[in-house]
Number of protein chains: 2
Amino acid sequence: MSDLLTRLRGRGWRMTSQRRVVAEVLDGDHVHLTADEVHARAAQRLPEISRATVYNTLGELVLLGEVTEVTTDGRAKRYDPNAHHPHQHLVCSRCGIIRDVHPAGDPLTGLPAAERFGFTVTEVEITYRGVCPACA
Amino acid sequence: MSDLLTRLRGRGWRMTSQRRVVAEVLDGDHVHLTADEVHARAAQRLPEISRATVYNTLGELVLLGEVTEVTTDGRAKRYDPNAHHPHQHLVCSRCGIIRDVHPAGDPLTGLPAAERFGFTVTEVEITYRGVCPACA
DNA sequence: ATCCTACGATAGACAAAGTTCAAGTCAAGA
DNA sequence: TCTTGACTTGAACTTTGTCTATCGTAGGAT
């Protein structure tokens, strides 16, 4: 994710220790942390980091398109750093574990013109639900 | 939705004025109210109804499969009474209006076995996003 | 290398959405 | 009509997120 840090600096981001730590916490695939979880992990490295800063930084990363928000359970939003690889989510109804998945074809084409009601449709968000092997 | 009332009574529901009013507020298609909106409308007919009762009743209706929860914006959950007619949602990114839509085919088949990671997948929830004619 | 200053961080108050609980009320069967 | 357990109430509480005034500092200017 050092990629991300250089990309952000290139966009005029002022680099602070707080922002660096938040970006590092979000490193990797299949990461779907809530804001509080990001804060907890960031605080392990930088104990004095505040909740407000974590929220601010996450919000900026979303605006920059580096991270996407995912709401799978109507509770806290989760932050998914895998924003440059379009994907959907598969969630276990029992334990809540989340997997990134890739449906066949372009999900947007599944919606016929007659069902678009004049909307200009640009995005699809799909959540598949079921029971994971561990819970079965 | 008097159907609903008789169905519920048949399932042993104790019929109270509060529950009746909540069920009546949720009558109709293309209804996507938040719990607070349900409470506000219910309170027009039954001023002393409490928030807790509205939450309890909505939760029971969801458990009974009569209503589904929809989260389109990461804010309050919305309650969709159209649970017996499988459908998905199309949301305007500007004004937030929600339309029920029906994609072609069974959305579950869009996820190849290789992408299921051993899950038993039973549900799909799709949110299409775009700009509605009024906002364009 | 040091200084400036605007941008970022902080703590704490605030707000929105939802849950819990003890006490009171009432639907429906006897 | 009586009884009883299921239902409702309101207030306090929790969780998640936002706002604001103040303080600190990254990074360009000197």
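In what follows, chains carry the letters A, B, and so on, assigned in the order in which the sequence lines appear, proteins first and then strands, with residues in each chain numbered from 1. If you're wondering where the values come from, they're calculated on a predicted model, not measured in any experiment.
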A.B. asks: In whole angstrom, give the distance that lies between atom CD of A:Glu48 and atom C1' of C:dA9.
C.D. replies: 10 Å
A.B. asks: Confirm from the modelled atom types if B:Arg14 and C:dC26 form a donor-acceptor pair under 3.5 Å, side chain to base only.
C.D. replies: yes
A.B. asks: Side chain of B:Arg75 only, heavy atoms from C-beta on: which candidate in C:dT19, C:dA16, D:dT15 is closest?
C.D. replies: C:dA16
A.B. asks: Kindly assign one of parallel, tilted or perpendicular to the pair B:His32 and B:His89, based on the angle between their ring planes and the thresholds 30° and 60°.
C.D. replies: perpendicular
A.B. asks: Mapping A:Thr53 and A:Gly74 onto DNA chain C by nearest heavy atom, which one lands closer to the 5' end?
C.D. replies: A:Thr53
A.B. asks: Atom CZ of A:Arg9 and atom P of D:dG27: how far apart are they, to the nearest Å?
C.D. replies: 7 Å
A.B. asks: Hey, does the side chain of A:Tyr55 come within less than 4.0 Å of D:dG17's phosphate (OP1/OP2), counting only N and O?
C.D. replies: yes
A.B. asks: Of the nucleotides C:dA27, C:dT10, D:dT9, which has the atom closest to the B:Asn56 side chain?
C.D. replies: D:dT9
A.B. asks: In whole Å, I'd like the distance from the CZ atom of B:Arg20 to the P atom of C:dC26.
C.D. replies: 14 Å
A.B. asks: In whole angstrom, give the distance that lies between atom CH2 of A:Trp13 and atom C1' of D:dG27.
C.D. replies: 16 Å
A.B. asks: Map A:Tyr79 and B:Ser50 onto DNA chain D by nearest heavy atom, then report which one ends up closer to the 5' terminus.
C.D. replies: B:Ser50
A.B. asks: If you take atom types as modelled and just measure distance, does the side chain of B:Arg51 reach the base of D:dG10 with a donor-acceptor pair under 3.5 Å?
C.D. replies: no
A.B. asks: Kindly say if B:Gln18 contacts the phosphate of C:dC26, meaning a side-chain N or O under 4.0 Å from OP1 or OP2.
C.D. replies: no
A.B. asks: So, taking the atom named CZ in B:Arg129 and the one named CZ in A:Phe119, what distance separates them when rounded to the nearest 0.5 Å?
C.D. replies: 11.5 Å
A.B. asks: Could you please name the option among D:dT16, C:dT19, D:dT8 that lies closest to any side-chain atom of B:Thr16?
C.D. replies: D:dT8
A.B. asks: Less than 4.5 Å apart, side chain to side chain, heavy atoms only: is that true for B:Leu58 and B:Val22?
C.D. replies: yes
A.B. asks: Separation of A:Glu69 atom CD from D:dT16 atom P, in whole Å?
C.D. replies: 15 Å
A.B. asks: In terms of side-chain heavy atoms, does B:Asp80 have a donor or acceptor partner in B:His87 at a distance below 3.5 Å?
C.D. replies: yes
A.B. asks: Is A:His85 atom NE2 crowded by more than 12 heavy atoms from other residues, nucleotides or ligands, each under 6.0 Å away?
C.D. replies: no
A.B. asks: By the 4.0 Å heavy-atom rule, please label B:Ala52 as base, sugar-phosphate, or nothing.
C.D. replies: base
A.B. asks: I need the CZ-P distance between B:Arg11 and D:dA6, as an integer number of Å.
C.D. replies: 19 Å
A.B. asks: Rounded to the nearest angstrom, tell me the gap between atom CG in B:Asp36 and atom C1' in C:dA16.
C.D. replies: 8 Å
A.B. asks: In this structure, how many angstroms lie between the C1' atom of D:dT25 and the CG atom of A:Leu46, rounded?
C.D. replies: 14 Å
A.B. asks: Output the single nucleotide from C:dA16, D:dT8, D:dG17 whose closest atom is nearest the side chain of A:Lys77.
C.D. replies: D:dG17
